[in-house]
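First the proteins, then the strands, lettered A, B, ... as listed; each starts at 1.
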Amino acid sequence: MTFLDQLNQQQRQAVTAGNGPVLVLAGPGSGKTRVLTQRIAYLIAYQGVRPYQILAVTFTNKAAREMEDRVASLLGEDAAHGHGMMLGTFHSICARILRREADHLPIKPNYVIFDQDDQVRLIKGIIKELNINEKLYRPNSIHAAVSNAKNELIDPDNFPTTNYRDEIVKRVYDLYQKRLLTSNAVDFDDLLLWTARLLEENPEVREAYSQRFSHVLVDEFQDTNIAQYMLVKHLCSTHGNIFCVGDPDQSVYGWRGADWRNVQRFENDFPASKTILLEQNYRSKQSILDTAMAVIDRAHNRRRKKLFTDRGQGEKVIYFEARDDYSEASFVVDTIAQLVAGNRFDPGECAVMYRTNAQSRLLEEAFLQARLPYRLVGAQRFYGRREVKDLIAYIRLIYNPNDEASLGRVINIPARGIGSKTILSLYQTARNADTSPGSVLLDLVRGAESPFWGQFTARAVGPLSTFGTVLARWHTAAQTLTTTELFDCIVSDIDYKAYIDDNTEEGASRWENVEELRRLTQEYSGRPLEEFLENVALIADQDTLTDANAPTLLTLHAAKGLEFGAVFIVGLDDGILPHSRSFDKPEEMEEERRLFYVGITRAKDRLYLVRAMQRGGRGWGEDTYPSRFLTDIPEMLLDGQSRGGAHPFGGDSLTDTRWKPSSASPKSAPVIEARYRAGTRISHPTWGDGIVLNSKLQEEDEIVEVAFESVGIKRLATSLANLTILS
DNA sequence: TTCATGCGGATTTTT
DNA sequence: TCCGCATGAA
């Protein structure tokens, strides 16, 4: 068993555990991914389990792919690849099961998946339709209530009502589910809900899946909700071979229905389960673990865990208090530039983490200003763009013309004379006939023969039937065209370029997104449309992580499961972390604390805790207070102080000694030699060719001034700019 | 029906 | 700060 040699005793115990339920409680950096992959490899190589009998649930699609690759490299390529190991997120696995088992359910196999936007859009429409006061009952909050119910497997009929608000939610929920069905659509929660119900109500289906998957493995178990828990339980109902890995201290999705008590539920439901603790940390220096423990030990209701490592004490954690949010951002960028210039880290080993997405903006600006590349994690960034959503909605509508949300989105984009009045009457007509607006539209192609024709005003019926005709043509074309061909067809038919590219910079960037989306469709050539749509719908934030060697910007939530050499956690102000919306809810405050803990434990070698004394606008920002979590960290663990000299905890304050990164660096600066001279011809990835005007050595880096043919004179740090010498 | 304009309001985290 | 909505004119 060669690959088992490198495991510690607990890891090996987990990997080689026999059949039956196993719960692995794994601290951060304790090698849990390794345990999962080796467990799979072990089952295949030594227990005679066939790959297709294994179901492994990961937190992102990216993690699933990586796991597949790692298993393959442990066993040799063909042993794992292409033999039907079922690997993916809960949502993607459910989507596949539902596609196959649709005839047991009130949906058809060509269902579409509604994203958050579609869901809220639908709810909003229903609120309007039911004449409910939109100000009092916000679509977003009603949606949250509905979603919570679904995550607990509560259907509209069983929705508990203790007050008037609940009554409203119940009515909306009921209609919402009906609308989803006429649209032949499911939302994110339905993927889990329908699958759980499918297995619950059809013993023969349950047994078939349970027998096919003789081994079920679940990662990030602390973040499962009730629906997911039940799903897992059903899937191993015949054999009980369930292997869960998780860490209650890293549970940060409670607001999404995740219930860390699933760990307790597991122990109750599977009394024979083995529990294995992975405690040794292989990721971080001890100074970082000490900081992490200081923060998490204040949490209530938890078993104290000792985090230890043999990676050495490491340097102290740096605390920096910036004047305002602008200097917070430039501190981060400057420090990263110095870390990179000093050869302490690759750009790609650095990450900046924040509580809310909005915080990324100033950081991005600071990176842009410094002309340093960065990578931003977040599906929203690309898939949330209007132009991208529009085109995906077109494709979705063609794939499934009953999709009401997509139709509503694109029916008048670009404007084709179908305004709100016309749309209203189209929807009304469809509802009266107990069908979908899309099929009314398609029926209008028959002209006056359609029973719907007479129901519209002469003014409205023209544009409607025209659009119906186009839609019908696309629908037919889609049977033979590739996704890319269909994409091109849509874009040119609606002249989308003219619609979005208004010759402004903004317009140009929108068109770039369209081209990027087109490139994406090419990856799906030869694969059915539904795969494209499904993957696009279920994309996770982390799936957007590229392997570019540049610092990563991401939310603390998105950081879960990742690790970086140097981590900056910014915005450590009360109200941001912990977020002000959690202040009066103890449970949520605990979750904020765990979120901070997750961020801290992402760091391998260096950790920077950063905050701004003012926030909100240049010079006019409001004063902030340090995060209350900072006071839990003993002073002796921290290095650095604020610009004003005040230590956040009122400790000994040194007067205006700004933190100097070089003073904290134990490595002496490497001596470097100039590589560029005036006259050297170079090439830059974005600006093309240019000639070096002059060069000087500065702070362990070579700074060159270059005249580019395209953009004129620029100053660049050669350690970052990725220049190629041509002559 | 569309487009421009101005106002008010809200504003976490994500599959 | 940005977004969505209502309002009013063409």
Side-chain angles (χ1 to χ4, degrees), chain A residues 57-63 88-95 113-121 124 128 134-135 138-141 143-144 147 150-151 186-193 220 223-225 227-228 251-258 325 353-362 377-381 383-384 386 411-424 457 459-460 462-463 534-544 554-560 571 575-583 585 588 591-592 594-596 598-599 615-618 620-621:
Chain A
V57 187
T58 56
F59 205 67
T60 64
N61 299 300
K62 185 170 175 280
T89 63
F90 270 108
H91 289 88
S92 69
I93 288 166
C94 287
I113 300 167
F114 275 15
D115 66 16
Q116 178 93 9
D117 239 45
D118 303 320
Q119 295 168 32
V120 174
R121 185 188 281 269
K124 202 182 213 169
K128 279 219 179 83
E134 214 178 310
K135 293 271 176 305
R138 304 198 169 283
N140 267 312
S141 103
H143 174 257
S147 175
K150 289 185 168 193
N151 286 327
V186 302
D187 65 17
F188 290 137
D189 305 316
D190 282 339
L191 288 168
L192 311 173
L193 182 92
E220 306 283 8
D223 283 321
T224 52
N225 60 34
Q228 290 164 331
S251 150
V252 291
Y253 282 101
W255 50 274
R256 197 168 93 176
D325 37 5
M353 300 174 187
Y354 36 81
R355 175 67 234 271
T356 69
N357 282 304
Q359 290 172 262
S360 75
R361 236 193 71 221
L362 286 180
V377 178
Q380 229 13 44
R381 174 172 154 83
Y383 292 94
R386 244 226 331 263
I411 191 166
N412 204 30
I413 289 189
R416 48 173 75 88
I418 305 176
S420 56
K421 282 275 164 55
T422 312
I423 292 173
L424 205 64
T457 61
R459 170 105 189 258
E534 195 166 296
N535 285 321
V536 158
L538 297 180
I539 207 112
D541 269 1
Q542 280 190 19
D543 297 333
T544 66
L554 74 180
T555 62
L556 287 160
H557 282 92
K560 200 172 64 135
I576 296 190
L577 185 72
H579 197 274
S580 52
R581 293 185 73 110
S582 307
F583 279 174
K585 296 165 216 154
E588 291 184 22
E591 188 157 311
E592 299 284 310
R594 293 193 294 266
L595 197 53
F596 186 29
V598 166
R615 206 171 274 283
R618 187 128 259 176
W620 304 97

5' precedence on DNA chain B between His91(A) and Arg581(A) (nearest-nucleotide basis): Arg581(A)
Sugar-phosphate, base or nothing in reach of Lys124(A), heavy atoms under 4.0 Å: sugar-phosphate
Touch class at under 4.0 angstrom, heavy-atom based, for Asp115(A) against every strand present: nothing
Sugar-phosphate, base or nothing in reach of Tyr253(A), heavy atoms under 4.0 Å: sugar-phosphate
Euclidean distance, Arg594(A) CZ relative to Leu556(A) CG, rounded to 0.5 Å: 13.5 Å
Pairing residues for Thr457(A) by the side-chain contact (heavy atoms from CB on, under 4.5 Å) criterion, not counting sequence neighbours: Arg459(A), Ala460(A)
Side-chain touch Asn61(A)/Ile539(A), heavy atoms, less than 4.5 angstrom: no
Sugar-phosphate only, base, or nothing, as touched by Gln116(A) at under 4.0 Å among non-hydrogen atoms: base
Straight-line distance of Arg386(A) CZ to Ile413(A) CD1, nearest 0.5 Å: 6.5 Å
Whether Phe59(A) and Tyr253(A) hold their rings parallel, tilted or perpendicular, with breakpoints at 30° and 60°: tilted
Arg361(A): partners by salt bridge (Lys or Arg N to Asp or Glu O under 4.0 Å), with sequence neighbours left out: Glu365(A)
Backbone N/O of Gly254(A) and side chain of Glu591(A): donor-acceptor pair under 3.5 Å: yes
Spacing of the P atoms in dT13(B) and dG4(C) (rounded, Å): 15 Å
Touch class at under 4.0 angstrom, heavy-atom based, for Ile418(A) against every strand present: sugar-phosphate
Sugar-phosphate only, base, or nothing, as touched by Arg138(A) at under 4.0 Å among non-hydrogen atoms: sugar-phosphate
Separation of atom CZ in Arg386(A) from atom P in dC2(C), rounded to whole Å: 16 Å
Contact interval (first through last nucleotide) of DNA chain B with protein chain A, 4.0 Å heavy-atom: dT1(B) to dT15(B)
Position toward the 5' end of DNA chain B (nearest nucleotide), His579(A) or Ala460(A): Ala460(A)
Sugar-phosphate only, base, or nothing, as touched by Ser92(A) at under 4.0 Å among non-hydrogen atoms: nothing
Euclidean distance, atom CG of residue Asp325(A) to atom C1' of dT1(C) [Å, nearest integer]: 12 Å
Touch class at under 4.0 angstrom, heavy-atom based, for Asp189(A) against every strand present: nothing
